[in-house]
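Report on the following structure.
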Amino acid sequence: MALRAALRQKCGLIGILSQPSSSGSHSRVSAVLVSQMRNNATSPKIKVDFNQSTGVAVLSMQSPPVNSLSLDFLTELCISVEKLEMDRACRGLIITSSLPKVFSAGLDILEMYGKSPERCGEFWRAVQEMWLKMYSSNMVTIAAINGSSPAGGCLLSLTCDYRIMSDNPRYSIGLNETLLGIVAPFGTDKNIIKNTHTCSN
Ligand SMILES: CCCCCCCCCCCC/C=C/CC(=O)SCCNC(=O)CCNC(=O)[C@H](O)C(C)(C)COP(=O)(O)OP(=O)(O)OC[C@H]1O[C@@H](n2cnc3c(N)ncnc32)[C@H](O)[C@@H]1OP(=O)(O)O
């Protein structure tokens with residue numbers, strides 16, 4: 001209830017969490033989002049449903065098995081958010097997972113092993129771009145965490161204005177990446193490259 005009140009106060013989004021998606025017969029889809037849907041045909045890691053009548057988009061992560069944040073995934077996520085940001089009709093964004101049990105397993109571990117310094121730098125830049133874009137979004141953003149969400153998955157949810165998590169004791173969330181020996185690099189290219197050597201050795 002507190003969340004609904006906050007949303008109402010921030011931008012008049014009432015009852016968005018119980019609204020049907022854009023597949024409902026009352027919604028019209030903007031030109032930007034038609035193009036988004038076309039893109040989804042070739043890049044299916046992210047699905048966006050926009051409800052014109054509420055001004056709220058639901059972005060579903062659908063990259064089995066665990067929605068790990070690979071370079072491709074992050075790129076697609078950022079493009080999707082950017083497109084929504086450009087659509088003035090879109091005022092709210094809900095990020096969720098279409099996979100059972102997992103919201104996001106965090107950064108794709110395979111992106112951090114045996115990659116060139118250039119590739120590793122590109123990857124960490126994409127991580128940074130993702131959280132900057134999300135954190136600075138003009139839209140009201142909500143993470144609907146419907147599964148486990150460790151490390152980078154937790155980071156993704158922290159970039160949102162609000163977080164709601166399924167009440168299930170089997171789902172875990174938290175910044176556990178240091179248990180894997182991973183320390184996020186600083187923002188400069190020099191430090192990204194430095195950290196890359198740590199990652200791949
Ligand atoms: C507000 C803004 C602030 C900004 C601050 C900026 C600074 C930020 C600092 C924070 C930085 C954040 C850094 C994060 C680093 C990471 O994210 S490292 C990744 C950490 N992730 C994990 O440790 C998760 C490990 N996975 C799991 O715990 C489980 O897989 C699961 C609970 C997610 C799901 O369990 P289950 O359903 O039982 O599936 P599994 O059989 O375990 O896995 C299936 C399949 O997926 C593969 N997999 C799992 N996780 C990852 C991953 N992260 N990357 C790549 N692949 C992964 C797993 O190996 C299995 O593969 P196979 O089927 O065996 O091939």
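The basis for the numbers below is simple: all heavy atoms, side chains too, and nothing from hydrogens, waters or symmetry mates. Predicted, not measured: the structure shown is a model, and the values here were computed from it. Order of listing sets the numbers, starting from 1, for every ligand and every atom in it. Throughout, numbering of the chain's residues begins at 1 and tracks the sequence.
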Check your understanding: Measuring to protein heavy atoms, does anything land under 4.0 Å from atom 45 (C) of ligand 1?
Key -> yes

Review point. Between V102 and ligand 1, which residue portion shows a heavy-atom distance shorter than 4.0 Å: side chain, backbone, both, or neither?
Key: side chain

Check your understanding: Nearest protein heavy atom to atom 10 (C) of ligand 1, by residue and atom, and its distance?
Key -> E177 OE2, 3.9 Å

Practice item. List every atom of ligand 1 that sits less than 4.0 Å from any heavy atom of P150, numbering the atoms from 1 in the order shown and giving each element. Key: 24 (C)

Review point. Is it the side chain, the backbone, both or neither of L107 that has a heavy atom closer than 4.0 Å to ligand 1?
Key: both

Check your understanding: Relative to the heavy atoms of I182, which atoms of ligand 1 are at a distance of less than 4.0 Å?
Key -> 18 (S)

Review point. Hey, does P65 have a side-chain heavy atom less than 4.5 Å from the side chain of L99?
Key: no

**Study point:** For atom 2 (C) of ligand 1, the protein heavy atom that lies nearest, with its residue and separation
**Key:** W131 CE3, 3.7 Å

Exercise for review: Kindly indicate whether the side chain of T96, heavy atoms from C-beta on, has any atom under 4.5 Å from the side chain of I142.
Suggested key: no

Check your understanding: For ligand 1, which atoms have a heavy atom of G152 less than 4.0 angstrom away?
Key -> 14 (C), 16 (C), 17 (O)

Exercise for review: Would you check the N or O atoms of A105, main chain and side chain alike, for any that come under 3.5 Å of an N or O of ligand 1?
Suggested key: yes

Study note, to complete from the structure: Smallest heavy-atom separation, M139 atom then D161 atom, equals O-OD2, 3.5 Å

Review point. Is the closest side-chain heavy-atom distance between I94 and V56 below 4.5 Å?
Key: yes

Check your understanding: Which atoms of ligand 1 are found less than 4.0 Å from any heavy atom of Y135?
Key -> 1 (C)

**Study point:** Per-atom contact, atom 20 (C) of ligand 1, protein heavy atoms, under 4.0 angstrom
**Key:** yes

Exercise for review: Examine L180 against ligand 1 and note whether any of their N/O atoms are separated by less than 3.5 Å.
Suggested key: no

Check your understanding: Is there a protein heavy atom less than 4.0 Å away from atom 27 (C) of ligand 1?
Key -> no

Study note, to complete from the structure: Looking only at protein heavy atoms, what sits closest to atom 38 (O) of ligand 1 is K101 NZ, 4.9 Å

Point to revise | Contact bool for atom 33 (C) of ligand 1 (protein heavy atom, d < 4.0 Å) | key: yes

Check your understanding: Is any side-chain heavy atom of L158 less than 4.5 Å from a side-chain heavy atom of Y135?
Key -> no

Check your understanding: If you round to the nearest 0.5 Å, how far is CG of L180 from CD1 of I109?
Key -> 5.5 Å

Practice item. Check whether any protein heavy atom sits under 4.0 Å from atom 53 (N) of ligand 1. Key: yes

Review point. Would you say atom 17 (O) of ligand 1 has a protein heavy atom nearer than 4.0 Å?
Key: yes

Revision key, fill the gap. At under 4.0 Å between heavy atoms, what of D108 touches ligand 1? The answer is both

Exercise for review: State the atoms of ligand 1, each with its element, that fall below the 4.0 Å cut-off from a heavy-atom position in G106.
Suggested key: 17 (O)

Practice item. Check S70, S63, S68 against D108 for a side chain to side chain donor-acceptor pair (under 3.5 Å) and give me the one that passes. Key: S68

Exercise for review: Over all heavy atoms of both residues, which pair between E118 and R125 is shortest? Give the atoms and the distance, please.
Suggested key: O-NH2, 4.4 Å

Point to revise | M134 side chain reached by I95 side chain, heavy atoms, under 4.5 Å | key: yes

Point to revise | Considering all heavy atoms, the nearest C90-L84 contact | key: CB-O, 3.7 Å

Exercise for review: Among all protein heavy atoms, pick the one closest to atom 11 (C) of ligand 1 and tell me residue, atom and distance.
Suggested key: A184 CB, 3.9 Å

Review point. Who's the nearest protein heavy-atom neighbour of atom 47 (C) of ligand 1, and how far?
Key: V66 CG2, 4.2 Å

Point to revise | Within-4.5 Å side-chain heavy-atom neighbours: R119 and L71 | key: yes

Check your understanding: Distance below 4.0 Å between atom 7 (C) of ligand 1 and any protein heavy atom?
Key -> no

Check your understanding: Given the protein's heavy atoms, is any one of them under 4.0 Å from atom 60 (C) of ligand 1?
Key -> no

**Study point:** Over all atoms of both residues, closest heavy-atom pair of C160 and T141
**Key:** CA-OG1, 3.3 Å

Revision key, fill the gap. Closest to atom 3 (C) of ligand 1 among protein heavy atoms sits L155 CD1, 3.9 Å

Revision key, fill the gap. Besides V102, the hydrophobic cluster formed by Ile, Leu, Val, Met, Phe, Trp and Tyr side chains linked at under 4.5 Å, directly or via other members, contains V66

Exercise for review: Please report the closest heavy-atom contact between I46 and M61, naming both atoms and the distance.
Suggested key: CD1-CG, 4.3 Å

